[in-house]
2 protein chains.
Amino acid sequence: MRASDRAYSALRSEILEWHLAPGTILGEVEQAARLGVSRTPVREALARLSGDGLVESLPGRGVVVAEASADSAAELFEVRIALETQAAALAAQRRDPAVFEGLRDEFAGAASLIADPDRSAYYDLVARFDRAVDDAAANTYLASTLTGLRTHLARLRRVAQDNPQRLAAAAREHLLIVEAILAGDVDLARSATAVHLHNSLATIIDAADSGRFAAPVSTHDPAHQIDRTA
Amino acid sequence: MRASDRAYSALRSEILEWHLAPGTILGEVEQAARLGVSRTPVREALARLSGDGLVESLPGRGVVVAEASADSAAELFEVRIALETQAAALAAQRRDPAVFEGLRDEFAGAASLIADPDRSAYYDLVARFDRAVDDAAANTYLASTLTGLRTHLARLRRVAQDNPQRLAAAAREHLLIVEAILAGDVDLARSATAVHLHNSLATIIDAADSGRFAAPVSTHDPAHQIDRTA
DNA sequence: CTCACCGCCTCTGTATACATTCGTGAGCCT
DNA sequence: AGGCTCACGAATGTATACAGAGGCGGTGAG
């Protein structure tokens with residue numbers, strides 16, 4: 001694997017998992033030393049992250065980790081609802097029934113996945129659902145744009161933890177979307193997706209309002225963290 | 001201006017203007033020599049172009065200019081319609097009337113701009129309209145995504161030349177969108193945008209079907225050296 | 001004590017040298 | 001004659017050296 005890929009992956013997951021807090025300055029030399037590569041791959045990684053919108057390159061201040069707020073979540077969902085509903089509608093027209101029959105059964109039995117304190121199995125199911133919709137929609141622009149948006153979503157979800165009740169409701173909403181796609185019901189696929197995303201956003205806004213938004217998680221060596229309180 | 005910015009701008013316009021045909025291999029050394037910079041800024045430019053989706057980096061074959069077909073135009077518009085309608089709807093809610101009153105008058109008198117064989121004034125008006133909608137929608141994700149999509153559109157428009165009748169119709173469609181936004185009519189703004197984009201795509205598909213899509217490829221013009229004094 | 005100016009110093013931006021990998025072509029073997 | 005293998009070469013990927021610009025701190029003056 002290329003050093004630039006490793007640098008990109010490392011920085012990307014650290015940002016998504018809030019090990020690197022918004023506002024953190026990512027100096028090339030510092031990151032190169034920390035990641036054990038030279039400045040060149042770090043530069044390439046930072047350029048890719050900038051393209052993803054995960055970092056901003058401020059003139060004079062270098063590259064900093066982008067902000068993530070409840071406001072930006074609302075903006076994100078204004079775009080995401082428009083695109084996911086379109087993707088669901090296209091998927092309802094073009095889907096391969098076999099794939100979504102499998103997903104229907106999985107979402108129908110998702111309760112056991114949610115019961116597991118480690119929810120990675122459930123999130124994995126959702127990820128497979130997203131990919132199935134993207135594949136069925138058969139639109140590269142749509143898929144790549146949605147992938148970018150979901151990246152930002154993953155960053156927000158980290159702080160606005162879903163509670164079990166919400167996850168159970170989300171599973172039912174997903175089930176309805178899958179059934180609509182299976183039935184080839186374009187309008188219902190669109191509406192069910194809009195409802196699901198509306199509720200998801202409401203959950204995030206709710207978490208933000210109750211103050212669960214501000215706590216960045218850091219399991220990393222504090223020596224590598226930059227003090228933002230100064 | 002940085003050398004990497006110059007390299008990016010130069011390559012970007014050459015791709016958009018079809019001076020670099022789809023499938024052209026962009027070797028780092030070759031481009032560095034041609035543009036008069038070293039490989040480092042060229043690498044950064046190619047990385048940004050790859051993020052824009054204007055080039056693809058094939059493993060082993062290097063970086064090649066991305067394809068552009070009528071099929072990809074259809075895909076592009078599936079996304080673009082979803083987002084532009086959303087942007088128009090948001091703009092109708094949040095617009096500053098003064099800006100759109102000015103645009104309304106300009107589109108109402110656009111006939112003279114279209115009559116001009118050099119249509120850059122008209123295209124400039126459309127670009128200002130797009131920016132005004134983006135500003136009014138007040139959504140950074142939406143704006144940046146649309147900017148990316150419009151980049152690809154500009155590449156397609158180059159080969160599917162709009163005819164004067166189509167441009168006149170487009171100006172009327174734009175006028176209706178502006179009026180809807182001014183009136184704060186969310187549904188009409190959405191619908192009028194959908195109609196406009198539907199017609200735009202139809203024009204492109206039509207151009208493709210009548211063979212006007214093929215190859216306006218110019219020869220390799222060494223005069224495209226970038227101006228280093230700028 | 002505060003503000004402004006100057007200088008240092010670190011940072012980014014660029015160029016270039018080096019290594020590694022992959023494609024291509026030729027030659028040999030089957 | 002065709003296919004496989006090896007070697008050469010050119011390309012990318014990486015590291016590092018160098019230059020310029022900008023920020024920050026120190027010092028001096030008001």
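The figures here come from the full heavy-atom set of this structure, side chains too, leaving out hydrogens, waters and symmetry mates. Letters A, B, ... mirror the listed sequences (proteins, then strands); counts begin at 1.
Here B:R80 pairs with B:E84 under the salt bridge (charged side-chain N to carboxylate O under 4.0 Å, His left out) rule; sequence neighbours left out. Contacts of A:R39 classified as side-chain hydrogen bond (donor to acceptor under 3.5 Å, both in side chains), with partners at least two apart in sequence or in another chain: A:E28. The salt bridge (charged side-chain N to carboxylate O under 4.0 Å, His left out) test applied to B:D124 returns B:R128, not counting sequence neighbours.
Sorted by first and then second residue, the ring-ring contact (aromatic ring centres under 6.0 Å, His included) pairs with a member in residues 38-92 of chain B form an empty list; sequence neighbours excluded. For the side chain to side chain donor-acceptor pair (under 3.5 Å) condition, the pairs that include at least one residue of residues 46-56 of chain A, sequence neighbours left out, are A:D5-A:R48, A:Y8-A:D52.
One can place CG of B:L46 at 14 Å from P of D:dA11, the figure rounded to the nearest angstrom.
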Reading 5' to 3' through nucleotides 12-19 of chain D, protein heavy-atom contacts under 4.0 Å coded B for base, S for sugar-phosphate only, - for none: BBBBBB--
